[in-house]
Trainee: 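Mind having a look at this structure? Questions to follow.
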Amino acid sequence: MIMLVPIVSVLMLSGRQPTLAFRSIPSPSPIVRSSTYPVRAALASSRSDAMPPSRQEESPPLSIAILGGGIAGLSCATHLLRQSSDSDANVRITLFDTGRLRPGGRCSSRLPNDSPAAVKNRSSGVSNVRRACDDTAAEGSGTGSDGSGHEMPNDNIGSILKRQQMQSTSTAASRDRILTAMGPVDHAAQILSIPAEIPSLVDANDAECFQHQLNTWLQDQVIESFPEGSVCELLSLDPSNGNSSTLSKPRLQPIQGQMCYGKGGMSSIPLAMRDHCLAYNDLQHSRVSFQIMQDVWVSPSNGVKYIGNNHKNSKDGDSVVNEPQWELRAGPKSLGKYHRLIIAHNGKCADRIMSKTPAKEFHSLLRTKFAPYVPKWGGNEMTLNSIYSLVFAIKCPKDSDNDRNGAVHTSYNSPIVNALKNLSQSAAESSPQQSTNDIYTVIIKNEPNLRLLSSNTLKHRHHKNPNAQSSIEVYTLLSSPQFGRQYKGPQENLPLDLMEKVTTEMLHSLEKAFNIDRGTVLQNVVDLKLQLWGAAVPMNTWKSGKDSDGFVYDAQYGVGACGDWILDASIAGAWESGRRLAKWILEEHHHQQQQQQRTGGDMEEGDGLQRWSVGLPNLSSENGRQLGGKFVPSRAALESGIGTIPSTAFVSPLYNNDDGKKSFGSRGPSRTAGRGSGSSRRQYTSGNNRGSKNAATNGGGRGRNTRNVCANSQPLTR
């Protein structure tokens with residue numbers, strides 16, 4: 001079945017119907033229901049068809065540019081449109097996203113028949129690699145393989161990677177891959193849940209809270225709940241006393257609580273948000289509009305320029321609109337001028353984009369360092385970790401059993417499934433109430449190199465896909481931040497020897513964690529894709545003087561920031577941050593309009609305007625109260641390494657003392673002691689790649705439309 005998905009909407013300039021470009025893509029299995037038409041119907045029913053009262057002294061539209069099409073940027077756009085439409089405000093929003101195929105940031109998936117990206121030919125040196133600030137690994141790190149109709153090879157990892165390297169320039173070979181032929185694949189975010197640390201996410205009195213949004217997504221079949229007992233932690237502690245010195249064989253512990261995933265891929269979440277925004281373009285008598293510019297890179301060196309807050313109104317050359325103005329560029333091409341600028345991504349690109357602007361305090365918060373730990377007091381800069389994501393397809397040996405009637409039953413189970421079945425049965429014997437259902441996702445806590453294993457085959461029902469093979473299973477395996485730092489490399493073009501080393505180490509670690517015979521998994525891999533998130537999960541978050549903030553806004557220059565690094569390392573945290581910033585910007589704009597009416601055109605400046613700033617480092621109130629913020633450790637992200645996720649067992653977070661030595665939290669070293677403390681760190685560079693210091697620091701943690709992550713965080717467990 002084929003569904004039509006809107007790719008780009010052209011901004012409405014004068015109430016005309018927008019032009020939509022469509023691309024035919026195969027529906028995932030199960031089919032992701034686009035929420036475009038239900039949303040349009042719901043929006044239309046909530047508005048009157050009558051023409052609103054005559055708008056006297058029509059003010060020019062408030063134009064807002066959003067850089068970043070992840071959950072935070074899409075949430076900000078959604079709430080800007082919703083609140084502006086409800087109040088009949090004149091607002092135009094343009095969202096710029098670097099994703100090659102679709103928005104999503106860390107919350108993305110690879111879908112069947114996705115066209116491959118241009119890759120670098122290592123032998124010829126010819127490069128069509130993404131720009132310098134791309135935050136994904138090179139697509140060439142794993143392109144090309146035998147298709148679903150071909151005989152499955154039994155090659156080792158090095159042979160697979162070399163074969164892929166030879167086929168990487170072939171579009172047909174890149175599309176005819178086992179990984180993507182099976183069905184949707186989530187390579188980043190894996191789990192969606194609600195962090196208990198943010199009560200406002202489940203406010204029963206707030207119809208706009210995240211819990212309400214999650215329920216809506218469930219109703220619209222954008223997401224679905226994990227079956228009970230299908231998300232577990234893999235532990236190795238003696239359950240009797242929890243003594244880290246008393247080690248036993250691996251054991252599974254189910255995680256309780258509401259946890260969801262994108263139906264047909266985590267991409268279904270940002271796609272539903274995008275469709276919701278596009279639907280506003282079709283509302284009659286509405287003065288809001290939305291445009292998304294896909295695969296557009298705002299130049300990191302000179303792509304953002306502050307013009308100033310005094311410029312002439314295009315409708316009246318003699319009048320002056322006293323509001324901040326920003327101009328955006330992609331190379332020599334202008335992307336337009338805007339009254340407000342929103343930075344909805346992080347990493348080196350965000351840092352470089354704002355580095356030459358006069359908003360110095362704002363820019364200071366975007367400076368980024370990369371490490372798997374932070375000081376106990378939080379550090380002076382945003383700190384992001386680096387994580388390897390390995391998606392691999394494994395062939396399943398054929399098993400035949402005779403039932404009591406003599407009938408032969410054939411099944412295909414990989415060594416991973418067999419190991420999980422054994423662990424589930426052992427857990428059920430010790431705890432009869434424990435479920436023995438299929439295990440979809442495992443949070444790995446008994447192996448320092450790994451953090452998560454998730455079955456794309458089970459989640460996305462690959463067996464229902466007519467193009468899929470029943471003898472193939474597809475998994476996503478995430479490394480620990482310490483492992484990512486130890487094997488850091490140039491993520492746009494990982495060297496072949498590094499890819500082979502990382503893949504082999506991760507699969508051997510998986511075998512060790514699940515008590516599988518060494519080499520059993522490794523030798524049965526038939527296709528793979530390795531990706532390095534140079535800037536994956538925030539290890540600390542920016543907390544301003546008021547807990548109710550959750551965003552940053554510089555009113556003097558009309559620039560704001562939202563994202564999981566300001567509130568919580570989760571999808572829910574990113575969504576809530578975008579919502580709060582949208583509400584604040586519209587309130588500030590409404591106040592300025594009232595100020596203009598009272599004063600005959602003058603707007604607030606100086607201290608009057610500065611009181612609308614939020615979260616800046618040196619901000620203070622009129623009574624001298626310090627409202628500026630500070631970075632604090634993200635305890636949940638430090639414990640899991642992959643974002644805020646539910647847990648049944650405490651893992652002491654790893655901090656970095658001021659003297660450079662690593663230490664554990666106040667509860668003392670746990671079974672994770674020693675992670676990342678080795679001296680065998682290797683940094684890989686290749687050819688003319690930048691030095692090792694910057695080798696893996698070019699991204700904001702997203703995958704290249706391949707992007708996104710897990711639990712209730714945005715990385716993997718968002």
Side-chain angles (χ1 to χ4, degrees), residues 186 190-191 193 225-261 390 392 394 396 411 413-459 473-480 506-518 520-521 636 639-652 670-672 675 710-712 716-717:
D186 296 327
Q190 303 289 328
I191 303 173
S193 62
S225 298
F226 279 95
E228 183 178 359
S230 65
V231 180
C232 299
E233 290 178 319
L234 184 62
L235 309 172
S236 61
L237 289 180
D238 185 344
S240 62
N241 56 23
N243 189 340
S244 61
S245 64
T246 307
L247 299 178
S248 62
K249 66 179 182 179
R251 66 181 181 91
L252 285 176
Q253 180 67 43
I255 300 176
Q256 304 300 321
Q258 184 180 30
M259 290 174 285
C260 304
Y261 60 94
L390 174 63
F392 64 95
I394 183 172
C396 308
S411 62
N413 287 325
S414 71
I416 298 173
V417 168
N418 290 331
L420 287 172
K421 284 184 176 180
N422 293 334
L423 291 171
S424 297
Q425 292 173 358
S426 299
E429 292 173 358
S430 60
S431 178
Q433 69 273 17
Q434 182 162 327
S435 171
T436 58
N437 294 334
D438 289 331
I439 305 300
Y440 285 36
T441 299
V442 178
I443 311 300
I444 302 173
K445 293 190 173 181
N446 68 336
E447 169 50 51
N449 288 338
L450 305 178
R451 283 297 179 269
L452 179 142
L453 177 73
S454 186
S455 172
N456 295 285
T457 298
L458 288 176
K459 286 198 308 180
E473 296 169 3
V474 179
Y475 292 90
T476 297
L477 182 64
L478 299 180
S479 80
S480 66
M506 290 181 67
L507 292 177
H508 278 323
S509 297
L510 177 65
E511 294 167 342
K512 180 181 177 182
F514 284 73
N515 200 21
I516 300 173
D517 291 341
R518 184 176 176 87
T520 305
V521 172
E639 289 179 13
S640 71
I642 51 178
T644 304
I645 55 176
S647 177
T648 64
F650 172 79
V651 177
S652 182
S670 70
R671 60 186 170 278
T672 60
R675 287 182 183 171
C710 237
N712 33 357
L716 214 59
T717 64

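Note that this is a predicted model, so its numbers are computed, not measured.
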Trainee: Taking the side chain as everything from C-beta on, heavy atoms only, tell me whether L235 gets closer than 4.5 Å to N446.
Mentor: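 No. Closest side-chain heavy atoms not under 4.5 Å.
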
Trainee: Checking side chain to side chain contact (heavy atoms under 4.5 Å, CB included) for the pair K421/N413: CA distance, chi angles, key distance, verdict?
Mentor: CA-CA 10 Å; K421 284 184 176 180; N413 287 325; 3.2 Å; yes

Trainee: Using modelled atom types only, decide if a donor and an acceptor are shared between the side chain of S193 and the backbone of Q258 within a distance under 3.5 Å.
Mentor: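 Side chain of S193 to backbone of Q258: no pair is present.
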
Trainee: Nearest 0.5 Å, what's the CG-NZ distance between L450 and K512?
Mentor: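 One finds 10.0 Å between CG of L450 and NZ of K512.
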
Trainee: Can you tell if the side chain of L423 reaches within under 4.5 Å of the side chain of P250, non-hydrogen atoms only?
Mentor: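 Yes - at least one pair of side-chain heavy atoms lies under 4.5 Å apart.
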
Trainee: Which residue, S455, S414, P415, forms the side-chain contact (heavy atoms from CB on, under 4.5 Å) with E473?
Mentor: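 Looking at S455, S414, P415, the match for E473 under the side-chain contact (heavy atoms from CB on, under 4.5 Å) is S414.
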
Trainee: Any donor and acceptor pair, going by atom type alone, linking the side chain of Y261 with main-chain N or O of K459 inside 3.5 Å?
Mentor: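 Yes; at least one donor-acceptor contact below 3.5 Å.
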
Trainee: When you look at L390 and L507, which way does the side chain to side chain contact (heavy atoms under 4.5 Å, CB included) test go after all the steps?
Mentor: CA-CA 9 Å; L390 174 63; L507 292 177; 3.9 Å; yes

Trainee: Quick check: do D186 and S454 have side-chain heavy atoms less than 4.5 Å from each other?
Mentor: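 No, every pair of side-chain atoms sits at 4.5 Å or beyond.
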
Trainee: L453 and side-chain contact (heavy atoms from CB on, under 4.5 Å): which single residue from L234, I416, T476 fits?
Mentor: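 That would be I416; it is the only one of L234, I416, T476 passing the side-chain contact (heavy atoms from CB on, under 4.5 Å) with L453.
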
Trainee: I need the minimum non-hydrogen distance between P254 and G229, along with the two atoms involved.
Mentor: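 Looking at all heavy atoms of both residues, the closest pair is CB-CA, 4.3 Å.
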
Trainee: Quick check for you: to the nearest 0.5 Å, what is the distance between C232 atom SG and I443 atom CD1?
Mentor: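 One gets 9.5 Å once the value is rounded to the nearest 0.5 Å.
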
Trainee: Rounded at 0.5 Å granularity, tell me how far CD in E233 sits from CG in L452.
Mentor: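 The CG atom of L452 is 11.0 Å from CD of E233, to the nearest 0.5 Å.
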
Trainee: Determine the minimum heavy-atom distance between T520 and E511, stating which atoms define it.
Mentor: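 Nearest heavy atoms, T520 then E511: N-OE2, 3.2 Å.
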
Trainee: Minimum heavy-atom separation for R251 to Q253, with atom names?
Mentor: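 Scanning both residues completely, I find the closest heavy atoms to be NH1-OE1, 3.4 Å.
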
Trainee: Given M506 and N449, is the side chain to side chain contact (heavy atoms under 4.5 Å, CB included) satisfied, shown in steps?
Mentor: CA-CA 7 Å; M506 290 181 67; N449 288 338; over 6 Å; no

Trainee: To check you understand the geometry: which heavy-atom pair defines the closest contact between L458 and I439, and what is its length?
Mentor: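 Looks like CD1-O, 3.3 Å.
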
Trainee: Can you say whether the rings of Y475 and F392 are parallel (under 30°), tilted (30 to 60°) or perpendicular (over 60°)?
Mentor: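 Answer is parallel, since the angle falls under 30°.
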
Trainee: Which atoms form the tightest heavy-atom contact between D438 and S230, and what is the distance?
Mentor: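 Closest approach of D438 to S230: O-CB, 3.4 Å.
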
Trainee: Does the side chain to side chain contact (heavy atoms under 4.5 Å, CB included) test come out yes or no for F514 and E447, once each step is laid out?
Mentor: CA-CA 9 Å; F514 284 73; E447 169 50 51; over 6 Å; no

Trainee: I'd like to check L252 versus L420 (side-chain heavy atoms, cut-off strictly below 4.5 Å). Are they in contact?
Mentor: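 Touching, per the 4.5 Å side-chain cut-off.
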
